[in-house]
Each structure stands twice: as structure tokens, then as C-alpha cells.
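Notes to accompany the following structure.
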Amino acid sequence: SCYFRVGSRDPKAGRIIRQTRTLLWEYAADELAALLRELELIQKHRPRFNVVGIQGRRRYCYIALGRPDAPYTYLTREPSRKDLCTYGPFVGRRYAEAAVRRLNDAFGLRDCSANFPLHFADAKPLFDSERSAGCLRYELGTCLGPCGGGCTRRTYRAAIRKVQAFLDGTDRSVLTQLKSKMIAASQELQFERACGLRDKLADLEWLDLRLSLLRRSRHESALVYTVTTASGRVVWYLLNRGRVWGVAWAPTCAAEESTASEKLTRMLNESESAPISMRTVDSVLLVAAWFRRYAAEKANLEAAESVLARLTQAAAA
């Protein structure tokens with residue numbers, strides 16, 4: 001309704017109203033159903049006024065660690081098998097670009113062109129020549145300087161392993177270190193430096209949160225989320241690997257028990273090795289945001305195996 005209140009709408013809302021010819025209402029069983037339906041319609045119709053619907057604009061990107069001979073992290077739309085590892089997909093390229101820049105700075109990885117000549121300290125040249133880094137990052141202490149002989153191959157490989165450990169979630173110490181430095185700078189009244197460290201920490205924490213959501217969704221057990229609709233009927237949202245796999249009414253008769261059992265069996269038999277696609281990542285983020293907003297709703301989650309066992313037992317009885 002705010003679209004029709006001239007004093008409370010932004011210019012974009014006004015443009016949408018001027019282009020509108022018909023309004024359709026579609027009733028949903030509950031709020032989560034409405035959000036899922038909205039996501040489905042956006043993915044299907046790619047509306048012109050919706051950011052995700054602009055033709056030719058890709059919302060998704062991946063963070064890759066690769067490119068010889070001194071790998072570094074970079075953003076890509078299409079993952080390559082030549083890279084050491086790939087993480088994603090991520091929504092929000094601007095935030096991902098900032099996180100990648102901070103990541104290379106924090107671990108000293110280069111971010112120059114892959115064609116730029118490298119001169120590791122342990123590589124002996126045929127002729128003596130003066131070596132210098134190709135940019136200021138080595139002088140600023142945010143790059144190990146493999147182009148100017150600032151490090152050995154072994155040192156650089158160790159930095160790559162540390163980056164992988166952070167991306168895999170096995171070593172998050174860089175966040176603790178940045179936070180400690182930020183607090184120390186603030187206590188020493190170095191507020192400008194503290195603000196810079198705060199911004200670096202915020203970008204890496206954004207990345208760490210998204211990575212943890214993706215990791216959890218890949219390994220999360222299949223769950224049944226029970227919701228009572230406004231009409232009083234109970235619906236089951238079938239969650240598999242962090243996304244809404246399907247929906248079923250809570251059975252009230254033998255026929256509905258059979259249908260629900262069949263859906264649960266199919267969901268549990270779904271391959272766990274299938275990667276999160278660009279189409280399913282929005283569902284993963286939607287479900288994660290839902291339970292962050294309504295944390296008490298986690299009490300209505302139950303393992304799908306337990307629900308299926310209960311249905312099987314009831315059918316046998």
C-alpha cells in the first residue's frame with residue numbers, strides 16, 4: 001500500500017505505479033510460503049523493475065583460489081577446474097569484491113595480472129638484475145611480493161594454505177587478530193587506524209558468515225519444519241541441505257500419510273554431493289534469514305528420519 005502513498009514512496013516506486021496496469025492478489029498459507037512464492041516468481045519471470053530481473057546482470061559470483069604461478073583469490077562468474085578451490089555461489093558482488101581484496105591483503109597474496117613476471121627469492125636468475133615489486137602493496141606490507149623477490153615459493157605456499165584454512169572454516173584466527181589490533185588501536189587513541197581495521201574486519205566477517213552458511217547447508221541433515229497456518233491447518237516444510245526441498249500438508253488420513261512418506265523418502269535419498277546451484281542459493285539464504293529472525297521457530301524443527309519412522313510405524317499399526 002505504501003506504493004500508492006505519494007509522500008512515503010521513493011521515485012522508483014512511482015515509476016512502477018506508472019507502468020502498472022493490473023494488480024493481482026495471491027493468498028499464501030503463511031508468511032514463509034509468501035516469501036518462497038515471491039522468490040519463485042522472481043526467478044521465473046525476472047521482472048524488469050526488480051534488481052535480480054535485469055537482463056544480462058548476473059547476481060551470483062564465486063571466490064576462486066588459483067592462477068599460476070602464485071595463486072591468489074579472485075571473483076569469477078564461471079568456476080574453473082584449473083583453480084585450487086572454488087567457494088560459492090555468493091549473492092552481492094560488491095561485498096564479495098571487498099572481501100576478496102581484504103583476503104589477499106590479510107594473507108599477503110598478490111592480486112596483479114597472472115601474466116606479470118614473478119621472481120621468487122629462491123629462484124636464481126641467469127643474470128643479475130635489479131628486482132622490484134610491480135605495485136605498492138609490497139611496500140605497504142599487504143603483499144609478500146613474489147614479483148620482486150620478496151618471498152620464497154615455500155613462504156607463498158604457506159600463505160595459500162592459510163587462506164584455504166580460513167575459507168574452509170578450520171582457521172579463523174585472522175578475525176581474532178584483526179579484532180585485537182582494532183581494540184588496541186582504539187585504546188591508544190589511534191582512531192583512524194582503528195576505523196580501517198574495523199572495515200577490514202567487517203568485510204571478512206561478511207565472507208565468514210556466508211561461507212559458514214554454505215558449509216552448513218551442504219552438511220545439514222534433512223529436517224521437517226512444522227507451521228500452523230492462519231486457517232489452523234498444519235503444513236510441513238521439508239528442508240534439505242539448508243533449502244526448502246518441498247512442502248506437504250501434515251497428514252490427517254492414511255492417504256496423506258502415504259504421500260508424505262513418499263516425499264520424505266525421496267528427499268532423504270537425494271544425492272548429498274550435488275553442489276549448491278545459483279538457483280538454490282537464494283532458498284538457502286532465505287531459510288537462514290528466516291530462522292535468524294524467528295529463532296524460537298527452531299523448536300518446530302524435527303529430523304526427517306524421525307518423522308518418516310513415525311509415519312512408517314503408524315502405517316504398520
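This structure is a prediction, so every number in the text was calculated from the model and none was measured.
Looking only at atom types and distance, the side chain of Tyr74 has no donor-acceptor partner in the side chain of Asn104 under 3.5 Å away. Judged purely by distance below 3.5 Å, without hydrogens or angles, the side chains of Tyr72 and Arg67 pair a donor atom with an acceptor atom.
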Counting only pairs under 3.5 Å, give me each side-chain donor-acceptor contact of residues 150-167, with atom names and distances, residues two or more places apart or in other chains.
unit_1, atom_1, unit_2, atom_2, d
Thr152, OG1, Thr155, N, 3.2
Thr152, OG1, Thr155, OG1, 2.9
Tyr156, OH, Pro71, O, 2.8
Tyr156, OH, Arg110, N, 3.1

Could you pull out every donor-acceptor pair under 3.5 Å between side chains of residues 251-262 and any protein atom, sequence neighbours left out?
unit_1, atom_1, unit_2, atom_2, d
Thr252, OG1, Glu256, OE1, 2.8
Glu256, OE1, Thr252, N, 2.8
Glu256, OE2, Arg233, NH2, 3.0
Thr259, OG1, Ala255, O, 3.2
Ser261, OG, Glu257, O, 2.8
Glu262, OE2, Arg266, NH1, 3.4

Got a list of side-chain donor-acceptor pairs under 3.5 Å for residues 182-196, not counting sequence neighbours?
unit_1, atom_1, unit_2, atom_2, d
Glu188, OE1, Gln190, NE2, 3.3

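A salt bridge links Arg93 to Glu97: one of the charged nitrogens lies within less than 4.0 Å of a carboxylate oxygen. Using a 4.0 Å cut-off between charged side-chain N and carboxylate O, Arg37 and Glu40 make a salt bridge. A salt bridge links Arg172 to Asp208: at least one charged side-chain nitrogen sits closer than 4.0 Å to a carboxylate oxygen.
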- Task: Carefully, step by step, assess Val234 and Thr229 under the rule side-chain contact (heavy atoms from CB on, under 4.5 Å).
- Result: CA-CA 6 Å; Val234 179; Thr229 66; over 6 Å; no

- Task: In sequence, state the C-alpha distance, the side-chain angles, and the governing distance for Leu207 and Ile63, and then conclude on side-chain contact (heavy atoms from CB on, under 4.5 Å).
- Result: CA-CA 10 Å; Leu207 176 60; Ile63 292 179; 3.5 Å; yes

- Please assess Leu35 against Leu39 for the test side-chain contact (heavy atoms from CB on, under 4.5 Å), listing each intermediate value before the final yes or no. CA-CA 6 Å; Leu35 292 172; Leu39 177 60; over 6 Å; no

- Given side-chain contact (heavy atoms from CB on, under 4.5 Å), test Leu24 with Thr22 step by step and report yes or no. CA-CA 7 Å; Leu24 299 177; Thr22 306; 4.0 Å; yes

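In this structure, Lys263 and Ala248 approach most closely via the heavy-atom pair CD-CB, 4.0 Å. Tyr62 and Thr86 get closest at one heavy-atom pair: CB-CG2, 3.7 Å. Heavy atoms only, all atoms of each residue included: Ala106 and Val174 are closest at CB-CG2, 4.0 Å. Considering all non-hydrogen atoms of both residues, Leu204 and Ala99 come closest at CD2-O, 4.0 Å. Of all heavy-atom pairs between Leu144 and Phe107, the closest is CD1-O, 4.2 Å. Closest heavy-atom contact between Thr73 and Leu109: N-CD1, 4.3 Å.
Within the structure, side chain to side chain donor-acceptor pair (under 3.5 Å) pairs that include any residue of residues 293-304 comprise Glu31-Arg293, Glu31-Tyr294, Tyr225-Glu297, Glu297-Asn300, Glu302-Arg310 (at least two apart or interchain). For residues 194-203, the set of pairs meeting the side chain to side chain donor-acceptor pair (under 3.5 Å) definition, not counting sequence neighbours, comprises Arg102-Asp203.
At distances below 3.5 Å, not a single donor-acceptor pair connects side-chain atoms of Ser283 with backbone N or O atoms of Arg243. With hydrogens and angles ignored, the 3.5 Å screen pairs no side-chain donor or acceptor of Asp83 with any backbone N or O of Cys85.
For Ser173, the side chain to side chain contact (heavy atoms under 4.5 Å, CB included) partners are Asp171, Gln177, not counting sequence neighbours.
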